[in-house]
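Atoms within a ligand are numbered from 1 in the order they appear, just like the ligands themselves.
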Amino acid sequence: MSATHQLRCTNCGVKIDAEAVRSDFRCPDCKGLYEVIYPWSIGWGTHIGGGTQAAGSPATTEVRLPNPGGIRHLWQERKTSTLPVDQSGVWRFREMLPFMRDVEKVTTLREGNTPLYEMPRSAEIAGVDWLLAKHQGMNPTGSFKDTGMTAALSVAVERGFEWVACASTGNTSAAMAAYAARAGLRSIVFIPEGKIAWGKLSQSMDYGALTIQLKTDFDGCLKLLTKLVQQFPIYLLNSVNPYRLEGQKTPAIEILEQLEWQVPEHLVVPGGNLGNSSALGKGFLEMKHLGLISRVPKISVIQAQGANPLYRWFGDDNAVMRPVAAETRATAIRIGNPASWLKASRVIEETGGWCEQVSEQEIALAKAQIGAEGIGCEPASAVTLAGLKKLVAAGRVTREERVVLLLTGHTLKDPQFTIDFHKGELLTAAEIAGATEIERAQSNDLRKPPVVLEADEAVIIKALKARMAAVESK
Ligand code: F0G
């Protein structure tokens with residue numbers, strides 16, 4: 001029996017002991033996904049039915065964290081510690097994720113601790129006064145997945161698993177392979193053949209995973225893996241695993257710490273399998289419940305137009321989520337049947353956010369604009385700026401609102417996309433024709449294709465002079 005936490009089905013509400021969870025992390029009654037709850041969570045210990053109630057759990061939410069001032073101070077103090085768990089930007093906040101029996105045994109690459117950058121040029125472009133980017137691409141394997149992987153992989157180790165696996169569009173697999181290697185576990189990666197960026201594919205090989213490319217999409221990979229983990233002792237590390245989301249909620253705490261606990265009005269997040277938006281929402285809502293903040297930011301989710309099931313659900317009758325056949329160059333979010341759609345839709349509802357979709361051309365332009373700020377990100381992350389422009393234009397975000405974009409992956413994850421954009425080889429003629437005149441002009445202005453010259457001083461000087469004159473005449 002686990003007294004530290006329980007798992008609650010987010011669909012039917014049944015609570016179970018953590019050790020009783022099935023290998024596919026689905027509720028046996030309704031196939032819903034679980035969330036981790038603690039003695040201080042709303043609803044802890046009150047028996048809803050079907051599941052096993054944890055022993056010794058209080059009937060109310062009387063168990064509380066230390067006072068908010070005290071806990072903030074403790075988190076701050078740990079920054080000067082040399083202990084690996086204190087240097088991690090996930091485990092430094094361990095009071096918010098107290099599910100490990102021995103927290104000093106976690107597998108950490110010192111994830112988290114990512115920068116919050118000011119984005120003055122993007123702010124102007126989007127039409128807001130104050131815009132920041134939380135760059136999760138600055139994690140050890142270059143994406144936000146590290147914060148979730150340290151959490152769930154540490155559980156795999158604690159439970160004695162030797163094999164771990166995930167289906168992935170590339171970043172989860174990179175993170176899993178790295179953390180598994182650190183912990184001495186064996187890892188298996190299922191990825192859609194030909195549909196992941198080279199940077200990510202190379203990472204899983206470099207970190208020693210068994211990399212299996214399947215002739216299907218991400219949704220097909222996850223479906224197959226879900227069946228396999230029920231037949232072999234393999235620990236599933238996709239975001240259906242609720243411990244992943246516990247780690248992924250910590251950037252919410254970091255953002256607040258970095259803003260001296262001033263809550264921004266809006267957080268804009270890319271949406272693929274929808275684990276990340278769910279996790280960040282859980283983080284903010286829990287902090288409000290614990291009295292660390294008095295309100296939460298609106299959380300808006302942005303999808304690629306070709307992979308937009310949540311957007312369709314949002315604008316439709318809000319009844320059932322219909323999967324789509326996904327297609328987008330932002331391969332990280334090329335997902336048509338998102339596992340965590342129910343959790344994410346509740347986060348949007350509870351925080352008052354929106355769901356938007358953006359075209360391929362809008363993604364490419366926004367990515368170049370983020371790059372031109374000296375920050376850069378992978379294509380899936382750029383949907384945030386592209387989506388923000390639309391939210392502002394539609395009056396969903398006002399100029400005075402303080403907005404944070406969640407940049408999920410490093411620009412080096414997918415260099416081919418960037419090179420193709422700058423060479424003018426990314427978009428089709430029809431896509432370019434679909435852009436507005438202003439967008440086309442902005443794109444042309446940003447494009448910086450490499451210049452090939454003779455290795456001759458005079459030739460170089462002539463070319464430089466021409467370029468300098470062109471810049472000055474603008
Ligand atoms: N941005 C990046 C860079 C991603 O890699 C992903 C998801 C997302 C956004 C969307 O996050 O799925 O939580 O809504 N990548 C997964 C993977 C699916 O396998 O790496 P989500």
Side-chain angles (χ1 to χ4, degrees), residues 33 134-139 141-149 152 165-178 189-192 195-197 199-201 203-204 209 211 217-222 225 236-242 244-245 247-249 251 268-282 299-304 307-311 326 328-345 347-348 355 358 363 367 370 376-387 405-414 417:
L33 292 180
K134 175 70 173 165
H135 207 326
Q136 291 298 94
M138 301 300 178
N139 266 293
T141 76
S143 88
F144 72 101
K145 305 287 183 180
D146 294 345
T147 56
M149 208 46 78
C166 70
S168 182
T169 56
N171 280 327
T172 301
S173 46
M176 183 192 72
V189 161
F190 289 87
I191 47 175
K195 294 291 179 184
I196 83 165
K200 304 174 189 182
L201 179 62
Q203 281 180 294
S204 76
T211 305
D217 55 11
F218 168 84
D219 304 294
C221 289
L222 185 55
L225 179 59
L236 180 62
L237 281 173
N238 277 94
S239 56
V240 292
N241 180 324
R244 279 268 315 274
L245 273 51
Q248 281 175 215
K249 75 187 183 188
V268 186
V269 188
N273 213 20
L274 299 173
N276 202 32
S277 36
S278 307
L280 293 163
K282 188 173 191 277
I299 298 182
S300 289
V301 178
I302 316 296
Q303 296 203 294
N308 62 356
L310 187 75
Y311 173 80
T328 170
R329 291 183 188 85
T331 50
I333 50 173
R334 189 174 172 272
I335 295 174
N337 190 13
S340 294
W341 76 270
L342 184 62
K343 290 185 187 184
S345 66
V347 164
I348 295 176
C355 187
V358 290
I363 296 171
K367 181 175 139 44
I370 294 168
C377 63
E378 70 161 283
S381 310
V383 301
T384 53
L385 178 60
L405 305 181
L406 210 289
L407 301 183
T408 44
H410 198 280
T411 186
L412 289 176
K413 286 280 188 173
D414 192 353
F417 184 105

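- Between Glu378 and ligand 1, no N or O atom pair is found at a separation short of 3.5 Å.
- Atom 16 (C) of ligand 1 has its closest protein heavy atom at Lys145 NZ, 2.9 Å.
- Contacts with ligand 1 closer than 4.0 Å are made by no heavy atom of Lys200, backbone or side chain.
- Using a 4.0 angstrom heavy-atom cutoff, Ser239 does not count as in contact with ligand 1.
- Proximity to Gly275 (heavy-atom distance under 4.0 Å) selects the following atoms of ligand 1: 13 (O), 14 (O), 21 (P).
- For ligand 1, the polar-atom distance check finds an N/O of Gly272 within less than 3.5 Å of one of the ligand's N/O atoms.
- Looking only at distances, a side-chain donor or acceptor of Asn273 sits under 3.5 Å from a matching main-chain atom of Ala339.
- The shortest N or O to N or O distance between Ser173 and ligand 1 is not below 3.5 Å.
- Here is the list of ligand 1 atoms found below 4.0 Å of a heavy atom in Ile333: 8 (C), 9 (C), 10 (C).
- Counting atoms of ligand 1 from 1 in the listed order, those under 4.0 Å from a heavy atom of Ala332 are 2 (C), 3 (C), 4 (C), 5 (O), 6 (C), 7 (C), 15 (N), 18 (C).
- Polar contact with ligand 1: absent for Gln248 (N/O pair, distance under 3.5 Å).
- Judged purely by atom type and a 3.5 angstrom limit, Lys367 uses its side chain to pair as donor or acceptor with the backbone of Cys377.
- Taking every non-hydrogen atom of Phe144 and a distance limit under 4.0 Å, the qualifying atoms of ligand 1 come out as 1 (N), 2 (C), 4 (C), 6 (C), 8 (C), 9 (C), 11 (O).
- Annotation: atom 13 (O) of ligand 1 to nearest protein heavy atom, Asn276 N, 2.8 Å.
- In this structure a side-chain-to-backbone donor-acceptor pair under 3.5 Å is present from Asp219 to Gly336.
- The N/O atoms of Ala380, backbone and side chain alike, include none that comes under 3.5 Å of an N/O atom in ligand 1.
- Those atoms of ligand 1 that come under 4.0 Å of a heavy atom in Asn273, given as number and element, are 12 (O), 14 (O), 21 (P).
- At least one N or O atom of Thr169, backbone or side chain, sits closer than 3.5 Å to an N or O atom of ligand 1.
- Which parts of ligand 1 touch Asn171 is read off a 4.0 Å heavy-atom cut-off, strictly below it: atoms 2 (C), 3 (C), 4 (C), 5 (O), 20 (O).
- Distances below 4.0 Å separate heavy atoms of Thr172 from the following atoms of ligand 1: 16 (C), 17 (C), 19 (O), 20 (O).
- Residue Ile335 has at least one heavy-atom neighbour below 4.0 Å for each of these atoms of ligand 1: 18 (C).
- Summarising the geometry, atom CD1 belonging to Ile348 is positioned 4.5 Å from atom CG belonging to Leu310; distances are rounded to the nearest 0.5 Å.
- Distances between N or O atoms of Ala167 and those of ligand 1 include no value under 3.5 Å.
- Checking side-chain atoms of Arg244 against main-chain N and O of Leu237 turns up a donor-acceptor pair under 3.5 Å.
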